[in-house]
2 protein chains.
Amino acid sequence: MTTSQLKGNLELLLLAVLRGGPLHGYAVIAGLRERSGGSFDLPEGTIYPALHKLEREGLVLSSWEDAAGRRRRIYELTPRGERALAHQSEQWHSFVRGVNAVLSVVTP
Amino acid sequence: MTTSQLKGNLELLLLAVLRGGPLHGYAVIAGLRERSGGSFDLPEGTIYPALHKLEREGLVLSSWEDAAGRRRRIYELTPRGERALAHQSEQWHSFVRGVNAVLSVVTP
DNA sequence: TCGTCATACCTAGACAATCTAGGTATTGGT
DNA sequence: ACCAATACCTAGATTGTCTAGGTATGACGA
């Protein structure tokens, strides 16, 4: 529905969703879609590579699960991932403040 | 000071700053820096090309001014630019709502 | 007077994030 | 028997921002 364009916040979003508990990649996509009210309906080609990158960075770790003949890769936050989430969360809020400050030039 | 990364919102920021009245490029940079409290201290190599693009898109128009032997290119919003600002402003706010909704998964 | 800083503009190419478009395989419903 | 949904994957295109270079003027202190 809504036009996407994650604007460099995908990492934050993924960490936030995983904060709710371990999830496999496909469920991460569904989770983002639901929790954002449909705003963030992201293609697999965006999510999977991003999760791989998070793992390379040590912010999440993954394990294979074999549920009903279906292989799923389950991701969960590492302690470093939680710290990164806290940090990026702060950065996000300060970014929002910055943009809103500039926008409020228009209507003070 | 703060790490930049405009995250695809530069166009919105430029339009917002110009909403306060016509400015030349260098003043746009200063304006962004001041109004954001120093958060957005953007390099010229980011701003100038972005302004050129806005002009190609018809959202701003420019004229040369010769003040004290100094050539300056003055930018101002077009009606289309004002409409774009309104539209992108809305998109920005809904994007913020989306991200915040996902973030609040963590702390409901 | 000489250098250097701030003003004021510019562009080419590098880099990084996201998306497109393809691929594989299983399960479940019609 | 077939197709949709689930579930994973990657290569390459596209786009936005930044780096790093360039030009030229005016003001200021040494």
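Below, read A as the first sequence line, B as the second, and so on, with proteins coming before strands; counting in each chain starts at 1.
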When the distance from [atom1] of [X] to [atom2] of [N] is rounded to whole Å, what number comes out?
X: A/L6; N: C/dA16; atom1: CG; atom2: P; result: 18 Å
X: B/I47; N: D/dC18; atom1: CD1; atom2: C1'; result: 11 Å
X: B/N9; N: C/dT18; atom1: CG; atom2: P; result: 12 Å
X: B/R73; N: C/dC10; atom1: CZ; atom2: C1'; result: 10 Å
X: B/K7; N: C/dC15; atom1: NZ; atom2: C1'; result: 17 Å
X: A/L54; N: C/dA17; atom1: CG; atom2: P; result: 11 Å
X: B/L51; N: D/dC18; atom1: CG; atom2: C1'; result: 16 Å
X: A/L23; N: D/dT6; atom1: CG; atom2: P; result: 15 Å

Identify whether any heavy atom of A/D66 sits under 4.0 Å from a base atom; if not, whether one sits that close to sugar-phosphate; answer base, sugar-phosphate or nothing.
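Since no nucleic acid heavy atom lies under 4.0 Å of A/D66, the category is nothing.
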
What nucleic acid atoms does B/G45 come within less than 4.0 Å of, heavy atoms only: base, sugar-phosphate, or nothing?
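Base, at least one base atom sits under 4.0 Å.
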
Taking the six-membered ring for Trp and the full ring for Phe, Tyr or His, determine whether the centres of B/Y26 and B/Y48 are under 6.0 Å apart.
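Ring centres of B/Y48 and B/Y26 not closer than 6.0 Å.
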
Option passing side-chain contact (heavy atoms from CB on, under 4.5 Å) with A/L23 (candidates A/I74, A/L18, A/L51)
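The single option meeting the side-chain contact (heavy atoms from CB on, under 4.5 Å) with A/L23 is A/L18.
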
With the side chain counted from C-beta on, respond yes when B/L10 and B/I47 share a heavy-atom pair under 4.5 Å apart, and no when they do not.
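The answer is yes, as the side chains (C-beta and beyond) meet within the 4.5 Å cut-off.
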
Can you tell whether the side chains of B/E11 and B/K53 come within less than 4.0 Å, N to carboxylate O?
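Salt bridge between B/E11 and B/K53, a charged N being under 4.0 Å from a carboxylate O: yes.
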
So, does [X] get its side chain near the phosphate of [N], meaning an N or O under 4.0 Å from OP1 or OP2?
X: B/R72; N: D/dT25; answer: no
X: B/H52; N: C/dT11; answer: yes
X: A/Y48; N: D/dC8; answer: yes
X: B/K53; N: D/dG16; answer: yes

Taking B/R73's backbone N and O only, do any of them form a donor-acceptor pair with B/S62's side chain (distance below 3.5 Å, no angle check)?
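Side chain of B/S62 to backbone of B/R73: no pair is present.
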
Let me know, please, whether B/E44 or B/P49 comes out on the 5' side of the other along DNA chain D by nearest nucleotide.
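Residue closer to the 5' terminus by nearest nucleotide: B/P49.
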
Would you kindly compare A/Y26 and B/R70 by the position of their nearest DNA chain D nucleotide and give the one closer to the 5′ end?
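Taking each residue's closest nucleotide, the earlier one in sequence belongs to A/Y26.
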
Taking the minimum atom-to-atom distance to the side chain of A/W64, which one of C/dC19, D/dC18, D/dC9 wins?
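The answer is D/dC9.
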
